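Some notes on the structure that comes next.
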Amino acid sequence: MRYDIQQLLAEGGNTLCFDFELPLVSVADLAEGVACIKGNIRNHGGYLELTADSAVEAVAVCARCGEGFPFKMSFETVRPVAKALTDNENDDYIIADEDGFVDLSEVFGEELLLELPAKLLCSEDCKGLCVKCGANLNKKACGCSTKEIDPRLEVLKALLENG
Ligand SMILES: [Zn+2]
Ligand SMILES: [Zn+2]
């Protein structure tokens, strides 16, 4: 969604409201879903500030077992907006393009990536997949022996035992 901020800049006190849905398809570990984004950009005497509330509802892919699971998250955003690069501009600023538009789909796509937990797990104690047969250990015990250790890990095990 692109929004024209020219009108907004014309007069102090002006407010531009937005309310849109951002479809999420393969964003990081989210398989599908939607982010509902609602907020406004307000002109505080020439200084533009965006405030928004975002609510994510998606199907996420578990980092351990690879299964999809329902995932919800919400977050707040408060960022300054500028028409063009200025001296006191920093990474926090949302900058309009040449035509005076800000692309909020892009802005919130990036916000979302920053807000997402580094690892999405279907549950804190997800057992993951068997390293031998690939069975989902949350669903069944596969019966593989867990005593046998990868030779590369033997070295680590020895270190741990000695330490
Ligand atoms: Zn899992
Ligand atoms: Zn197994």
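Sequential numbering from 1 along the given sequence is applied to the chain's residues. Both counts, for ligands and for their atoms, begin at 1 and track the order of listing. Not measured: the values here are computed from a predicted model. As a basis for the values below, the full set of heavy atoms in this structure was taken, side chains included, without hydrogen atoms, waters or symmetry mates.
E67 CD: more than 12 foreign heavy atoms inside a 6.0 Å radius.
Hydrophobic clustering, with ILVMFWY side chains joined whenever heavy atoms are under 4.5 angstrom apart, keeps V61 apart from F71.
Rounded to 10°, the angle formed at the Zn ion (ligand 1) by C62 SG and C122 SG is 110°. Expressed to the nearest 10°, the angle at the Zn ion (ligand 2) joining SG in C144 with SG in C130 is 110°. With the Zn ion (ligand 2) at the apex, C133 SG and C142 SG define an angle of roughly 110° (rounded to 10 degrees).
Looking only at distances, a side-chain donor or acceptor of R64 sits under 3.5 Å from a matching main-chain atom of C126.
Counting heavy atoms from C-beta on, the side chains of F20 and S105 come closer than 4.5 Å.
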